[in-house]
Amino acid sequence: MNMKRELEMKLGKANGIYLNDIEIDPFTIKTVMINEVVPSDPLQDFYGASDADYMKTTIPLFQGAGTEVSSIQDILQMGIYITNAVKTPKTEYAIDKSSIENSLPYLEAELSLLPNLKVIMLMGDVAKKAFNMITKKSTKKNAIPAVSTYKLRNSEIYYEGIRIMPSYIMTGGNILIEKSKVTMATEDIATMLEIIK
């Protein structure tokens, strides 16, 4: 299945929305990692160029978690699909609520296409916010409590039988500065890998 084609068939084409133009077998995907926002250059996204900026920070996180991965294909083969909560590049430092809302139908449809999910990792506050907006529509409440991520990391949170793991952003220059968050994101990935074994 081509993810981009599938989402465009469901929701139509939208200007400025970046979708993952990738072939996957939806039945093999056990984990979705939701990053915050697409880069302004699609070649720097997870499924872009082989030396994409997003992979320069993602691969070391997986390697730190004890896996020998060197590409997005290696990660996909482990049953892990990575996407972005916000499908339009950010224009300012902060991501506003309307950007999240505009991308929400695509994220929701993306998740619905993956029937065998065991884990959803929310990589950063924007991903957490987007996921809560999705869950609030059906349950009228947030799946993730409004508490600091470090306090939630060891909680077992489930939504419709799927383990929800709030973690830290996995892309961008800031990840290299905040070593403690890199360590925690790596530990969270290791925990996720144990769950989907």
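By convention here, the first residue in the shown sequence is residue 1.
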ILVMFWY network linking Y158 to L114, side-chain heavy atoms under 4.5 angstrom: no
Polar side chain donor-acceptor pair, S155 to K151, under 3.5 angstrom: no
Plane angle bin for F46 and Y54 - parallel if under 30°, tilted between 30 and 60°, otherwise perpendicular: tilted
Residue K97 excluded, over 12 heavy atoms near NZ under 6.0 Å: no
Same cluster (ILVMFWY, side-chain, under 4.5 Å), I157 and I34: yes
Donor on one side chain, acceptor on other, S180 and Y168, under 3.5 Å: no
Under 3.5 Å donor-acceptor, D45 side chain and Y47 backbone: no
Atom pair CD1 (I72) and CG (N20), whose distance is rounded to the nearest 0.5 Å: 8.5 Å
Results of salt bridge (Lys or Arg N to Asp or Glu O under 4.0 Å) for E156 - residues two or more places apart only: none
Distance-only polar pair, side chains of N84 and Y18, donor-acceptor under 3.5 Å: no
V86, L19, V126 screened by side chain to side chain contact (heavy atoms under 4.5 Å, CB included) with S103, the one that passes: V86
Donor-acceptor under 3.5 Å (S167 side chain, M123 main chain): no
Ionic contact status for K137 with E108, cut-off 4.0 Å: yes
Donor-acceptor pair, side chain of K129 and main chain of N132, under 3.5 angstrom: no
Residues E23 and R5 bridged, charged N to O under 4.0 Å: yes
Side-chain donor-acceptor contact under 3.5 Å, S99 with D96: yes
